[in-house]
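Note sheet for the following structure.
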Amino acid sequence: MFTRLDQIMIEIPDVKKPDPNAAAAVQELLGGKFGEMSTLNNYLFQSFNFRNKSKLKPFYDLVTSITAEELGHVELVAHGINKILAGSSLPGEPDSTPLDPLKDVRLSYHHLAGAQGAMPRDSMGRPWTGDNVFNSGNLVEDLLHNFFLECGARTHKMKVYETTDHPAAREVVGFLLVRGGVHVVAYAKALEIATGVNVTKLVPVPSLSNKSFNEARKYEEKGVHTRLYTHSTEDFKAIDQIWKGTHPEDGLPLEVIHGFPQGVPVPEYPPLDEEFAPGISQEDFKEIAKRLKMAGNITD
């Protein structure tokens, strides 16, 4: 089962600088082959189908804990896209063509099908597919795939970072570079324990430190790259048999946190009348409030 908190992992800046094309690029980090929906579902199905988990519990605990974090990453990227899109159009009567500023953006799905919100698609608008999920059932093969997947995801994050300077995009990407780097090292350490091969000597892939990125460096200075969370206070404690020792890049000690990272409130988004969202008028709000009071036997 999963516990959900009404929080996101980091604060994403509010910026009066809509950039639909930047949002399209960030979509790759959500619904692309190496996006967060792919990492989530790879680990999710590997955890569902894990064989002999009682004897291989540290590996099961590792994959399962990272799965929970990936849910938060999907959530975070979605809110990042929403922040980048905010203000892309202004309300107006239909004959005033209020969505005209969006007719030339390269990903029209955001305003034609999604009320200017994140979608389970890649940067070209192709829908995310379960074909991106790999689950062989072989422990070493799956761990090796996960290591490659995280390295591929890191490459795409770096390219998106270099594509746009939008503050909301860079804040999200910088944080994910650090947390994705944790997963790269975690799978490398798991492979070393499973096979004896020191895979950590390969990192970082690509061979550029997270400290080269302003929005990533500040998180590493806080030690975010050294912590792995179980996302449970009672279960998955065997990951400390894998996530231990020091970080292969800067030698800082690694730490398992039995619980959740501290989050921040989920952003609230205003109505978008030109997209007919949420399609509830002030009069409707009053009627809804009246019905809620009646349902709850609330009197003024």
Side-chain angles (χ1 to χ4, degrees), residues 4 6-8 10-33 35-38 71 73-130 156 160-161 163-173 264-296 298 300:
R4 181 165 184 174
D6 194 18
Q7 300 176 348
I8 57 174
I10 60 169
E11 187 171 356
I12 307 171
D14 285 313
V15 181
K16 305 299 182 184
K17 181 188 174 185
D19 190 341
N21 288 331
V26 178
Q27 278 286 161
E28 191 66 29
L29 305 184
L30 183 60
K33 182 177 181 180
E36 301 299 339
M37 290 186 64
S38 291
L71 275 166
H73 288 184
V74 171
E75 179 181 45
L76 183 64
V77 177
H79 284 291
I81 291 168
N82 293 349
K83 291 266 191 172
I84 300 166
L85 288 168
S88 296
S89 60
L90 296 172
E93 294 299 321
D95 285 343
S96 71
T97 324
L99 296 179
D100 180 74
L102 297 172
K103 70 178 184 296
D104 295 323
V105 301
R106 68 182 186 84
L107 187 56
S108 59
Y109 286 103
H110 280 148
H111 70 280
L112 292 180
Q116 297 179 41
M119 308 188 79
R121 297 175 179 270
D122 68 10
S123 57
M124 300 303 292
R126 291 180 292 251
W128 184 85
T129 171
H156 282 206
V160 170
Y161 188 102
T163 299
T164 174
D165 63 355
H166 193 285
R170 287 203 163 177
E171 190 70 31
V172 169
V173 177
V264 299
V266 175
E268 180 160 345
Y269 303 107
L272 203 60
D273 293 339
E274 64 272 31
E275 294 272 15
F276 318 107
I280 304 294
S281 67
Q282 287 297 325
E283 291 73 21
D284 293 331
F285 274 120
K286 292 177 183 177
E287 288 301 316
I288 290 171
K290 186 186 300 182
R291 288 192 284 271
L292 286 171
K293 285 183 178 180
M294 292 176 61
I298 301 171
D300 292 326

Scan the side chains in residues 12-19 for donor-acceptor partners under 3.5 Å anywhere in the protein, sequence neighbours excluded, and list what turns up.
residue, atom, partner, partner atom, Å
D14, OD1, K83, NZ, 2.4
D14, OD2, K83, NZ, 3.4
K17, NZ, D165, OD1, 3.1
D19, OD1, N21, N, 3.4
D19, OD1, A22, N, 3.1

Specify the closest pair of heavy atoms between [X] and [Y], including all atoms of both residues, with the distance to one decimal.
X    : Y    : result
R121 : Q27  : O-NE2, 2.8 Å
T164 : A169 : CG2-CB, 3.8 Å
G125 : Y109 : O-CE1, 3.7 Å
T163 : A25  : CG2-CB, 4.2 Å
A168 : G80  : CB-O, 4.4 Å
S88  : P101 : O-CB, 3.9 Å

[X] versus [Y]: any side-chain heavy-atom pair under 4.5 Å?
X    : Y    : value
L99  : E275 : yes
P267 : I8   : yes
P120 : M37  : yes
H111 : V105 : yes
Q116 : L102 : yes

